[in-house]
Amino acid sequence: MNEIFIKQNLAPNVWLMGIYSPLVAKKAKPGQFVILRVTQNGERIPLTIADFDNEKGIVYIIFQVVGKTTSLLSQLNPGDRVIDFVGPLGMPYEHSPEDKDYLFIAGGLGIPAIFSKIKMLHSQGKNIDIIIGGRSKENIFFENELKKYCNNLYISTNDGSYGKKGFVTDILNELLESGKRYDEIFAVGPVPMMKAVVDITKRFSIKTLVSLNPIMVDGTGMCGGCRVKIGNEVKFACVDGPIFNGFEVDFDGLLKRNSYYQDLENISYKEHKCKIGLGE
Amino acid sequence: MDELKRVPIKEQEPVERIHNFDEVCLGYTPDEAAKEAQRCLQCKNAPCVKGCPVEVKIPEFIQLIKEYKFKESYFKILETNLLPAICGRVCPQETQCEQNCVRGIKGEPIAIGKLERFVADWFRQNCKFEFSKPQPNGRKVAIIGSGPAGLSCASSLAKMGYEVTIFEAFHKPGGVLYYGIPEFRLPKEVVEWEIENLKKMGVEFRTNMIFGKTFDLEDLKQEGFDAVFISSGAGLPNFLNIEGELLNGIYSANEFLTRINLMKAYKFPEYDTPIKLGKKVGVIGGGNVAMDAARVARRLGSEVYILYRRTEAEMPARKEEIAHAKEEGIKIVELVSPVRFIGDESGHVRALELVKMKLSDPDNSGRRGVKPVDGSNFVFEADNFIVAIGQSPNPLVKKAIPELELNSNGSIKVDENLMTNIEGIFAGGDIVTGAATVILAMGMGKRAAQSIDRYLNLKKHKNL
Ligand SMILES: Cc1cc2nc3c(=O)[nH]c(=O)nc-3n(C[C@H](O)[C@H](O)[C@H](O)COP(=O)(O)OP(=O)(O)OC[C@H]3O[C@@H](n4cnc5c(N)ncnc54)[C@H](O)[C@@H]3O)c2cc1C
Ligand SMILES: Cc1cc2nc3c(=O)[nH]c(=O)nc-3n(C[C@H](O)[C@H](O)[C@H](O)COP(=O)(O)OP(=O)(O)OC[C@H]3O[C@@H](n4cnc5c(N)ncnc54)[C@H](O)[C@@H]3O)c2cc1C
Ligand code: SF4
Ligand code: SF4
Ligand code: FES
């Protein structure tokens, strides 16, 4: 159990791992996530289930190294185990059977959160367009995998080294301005990006879903640390989400909550880097 | 020796203990315990026993302490209480066994809880846990949740020859005993010892298993479980639902205590999970959870205020914990109720607006209500707030079994045998009673084990 089966480098600091967890693979549905721990003293961190193979019992995750836990995880190799791997958590992605035309937008590390949904919708014969974006050409990954499941794949990079120069929202704006319409738009990525997407789609009154990533501890509705304001209600993203109606999300509040531990996490990461000889 | 007074028990000095997470109470020595046991009058009708939810054989176990027969005393307690080292530490004795003690009429009641923990600690330190496995009866029971209700149900069933599996959502078993009650009140070593014993009895623990997510009833049926006991606790934190509650710096007590106890954030950065606490902290609530949160915050170096709607006399927390909290320099602000949180530009909380409350005359039941005093609002500044106003049953289980009947407050409905409306599925502990006590949860776990045994025997009988 919890053995790493495959490991692949997708982009600088971005890794794909397949982890043997037949129980999670059996129950997983697009939109759900896992919580894992790498060491005995380690933190519990949430990661999206990017894909799953029920027959082989493998759950795929894609993660970016941003702090201590993701760094430790990236140092594991096939054959190693993570000590805890629990899930599938959160509510699965739901879509209305009548909807036909979909646009998925993934900025930064949003790709894992759209991949399994796209695969599922594609198998049902839906029309899918995708916009992905990153800082630079080297940050763009999974292009060929995504192409298999969509009609159009649009790419933007902030520095213009690949695809269109600018942001994913620039492409979104162009598509909608030129008259293109979708039944549903699904956006996932950094909070400011999701907020910008919603600002645009609101103007066109297109249903927009987002997948949120607040800081979590248990992932079972026990601590309330992941609470977010949705409309006038407070919801726990780990059990009520992580997918919500983008028009109702209080993005500014979420952004502030997510930055709460930044200074301490930096201490933890720095100390860790010193120990493994990467310190400045 | 003054017969009216308890043999004093050694405690860590407040000035010292606010700098560590070691246990506050250091326990009796054998001689001290025997001396305290001498005070027991061995009452024939033993009113103390009636005050104990599981009817521990109090005069009997105390008599054995007098005779220095600690091992025998331990087994005497074990006849009705499976977790004496834990109950002796956390039971609200002053409203249970000790409230009824005849010694208490004129002087101080016998220190029943302290004697109980002494015996259990003595056994843990001096004896080896031995268990002769009964003949397996070929039946399997699944238990959901590893708090005191689940642990005691498992223990009783294992003794009857059942094959028992406990499924736990977290990566560590123990429930609130592990992630809720802090180390300085209940050392995790004590909880772990009990869990190790259950393992030796053949109970299987499967951690990281969330009922309703990782597995469901159908999976349990397929694995051949004959009955299920649900003891998933009251895990959903209540919030105040007032303005500003999403500001940074406001924790639910559950989050705060989980970060500390389960994830050991007080040892950051040796442990990776962070906790952030400023100079001044306000804790909202007056129960055990509020006391624990306040005392943890104190140990992290903060100046701590407990903000409570009623007065200290009405606080539901154990008297000992309130006294300990005050010794540690925690201040209690009585008769105040939260109105709204006030934050700064960065989204961090800076203050809480409170309104003063006043007690009304006692109603028919003798309980005094409170109501706000108009125009008495004032601002209480602090760097952090911890909301400890109670827990409700976690809705995950209900989501997983939609046909399960609930009470109006979300707790699971059970009959007098602790069976739910679904045959073969039993429930007990906080998920049934709402947030209650360790001893009640434990008692229900044991009762459920007996019901499960009766139910399965009857079923077998019918089938023949
Ligand atoms: C439901 C959910 C799904 C997620 N899926 C993925 C995924 O598929 N791939 C992926 O790479 N990441 C994902 N994340 C984010 C991931 O959990 C964090 O990157 C991870 O916890 C960082 O841990 P760390 O110890 O390495 O870094 P830390 O040292 O904990 O944090 C490093 C930095 O990241 C910030 N941070 C911490 N936790 C989060 C968080 N939950 N969201 C955003 N920022 C955070 C910190 O403030 C800090 O600045 C997801 C988060 C959630 C809640
Ligand atoms: C901080 C704090 C201090 C307290 N102090 C005292 C005290 O001093 N004295 C006293 O008598 N009582 C005290 N209590 C109350 C007491 O701890 C509880 O009444 C008791 O623990 C309830 O036991 P339980 O077995 O019903 O549930 P819990 O102890 O809550 O255990 C439930 C377990 O089930 C698990 N679980 C939940 N959902 C699922 C699921 N879907 N799948 C799998 N597992 C699941 C949880 O992770 C947990 O481990 C305190 C409570 C708290 C929170
Ligand atoms: S179990 Fe609790 S109530 Fe019963 S005798 Fe022991 S301390 Fe008292
Ligand atoms: S009531 Fe008090 S004195 Fe009497 S038997 Fe019980 S503990 Fe002893
Ligand atoms: S992570 Fe604790 S309630 Fe959502």
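Keep in mind that this is a model prediction, so the values were computed, not measured. Numbers restart at 1 for each chain; the letters A, B, ... are given by sequence-line order, proteins then strands.
By a heavy-atom distance cut of under 4.5 Å, Gly221(A), Met222(A), Cys223(A), Gly224(A), Gly225(A), Arg227(A), Val228(A) are the residues of residues 221-228 of chain A near chain B, going up by number. Of all residues in residues 81-91 of chain A, those placing a non-hydrogen atom less than 4.5 angstrom from a non-hydrogen atom of chain B are Ile83(A), Asp84(A), Phe85(A), Val86(A), Gly87(A), Pro88(A), Leu89(A), Gly90(A), Met91(A).
With a 4.5 angstrom heavy-atom cutoff, Ser346(B) touches chain A only via backbone atoms. When heavy atoms are compared at a cutoff of 4.5 Å, Leu247(B) approaches chain A solely by way of its backbone atoms N, CA, C and O. The parts of Arg44(A) that come within reach of chain B are both its backbone and its side chain, each placing non-hydrogen atoms under 4.5 angstrom from that chain. Contacts between Ile215(A) and chain B at a heavy-atom distance below 4.5 Å involve the side chain alone, from C-beta outward. Only the side chain of Lys399(B) comes within less than 4.5 Å of a heavy atom in chain A; its backbone stays farther off. With a threshold of 4.5 angstrom between heavy atoms, Gln391(B) does not approach chain A through any atom at all. For chain A, the nearby parts of Lys276(B) are the backbone and the side chain; heavy atoms of each come within less than 4.5 Å. Both the backbone and the side chain of Leu236(B) come within contact range of chain A, judged by heavy atoms closer than 4.5 Å.
One finds a salt bridge joining Glu223(B) and Arg206(B) here, because a Lys/Arg side-chain nitrogen approaches an Asp/Glu carboxylate oxygen to under 4.0 Å. Remark: Asp219(B) engages Lys27(A) in a salt bridge, criterion side-chain N to carboxylate O under 4.0 Å.
Between the OG1 atom in Thr258(B) and the CD1 atom in Ile260(B) there is a gap of 10.0 Å [rounded to 0.5 Å].
Most heavy-atom pairs under 4.5 Å with chain A: of the set Lys264(B), Glu255(B), His348(B), Lys267(B), this distinction falls to Glu255(B).
Formation of a donor-acceptor pair under 3.5 Å by the Arg257(A) side chain with backbone atoms of Leu246(B) is found in this model. For the pair Asp292(B) (side chain) and Val289(B) (backbone), a donor-acceptor distance under 3.5 Å is absent. One N or O on the side chain of Lys280(B) and one on the backbone of Glu381(B) form a donor-acceptor pair closer than 3.5 Å. Side chain of Asn409(B) to backbone of Ser411(B): a donor-acceptor contact under 3.5 angstrom is found. When atom types are taken as modelled, the side chain of Asn13(A) and the backbone of Gln64(A) share no donor-acceptor pair closer than 3.5 angstrom.
A centroid separation of less than 6.0 Å is found between the aromatic rings of Tyr93(A) and Phe186(A).
Enclosure of atom CZ in Phe239(B) by more than 12 non-hydrogen atoms of other residues, nucleotides or ligands within 6.0 angstrom is indicated.
Taking the side chain as every heavy atom from C-beta outward, Glu245(B) and Lys229(A) never approach each other to under 4.5 Å.
Among the candidates Tyr271(B), Phe256(B), Phe21(B), the single residue satisfying the ring-ring contact (aromatic ring centres under 6.0 Å, His included) test with Tyr266(B) is Phe21(B). For the side chain to side chain contact (heavy atoms under 4.5 Å, CB included) criterion with Ile181(B), the lone passing option out of Leu257(B), Val191(B), Leu186(B) is Leu186(B).
A cation-pi arrangement is absent between Lys172(B) and Tyr179(B) under the rule of less than 6.0 angstrom and at most 45 degrees off the ring axis.
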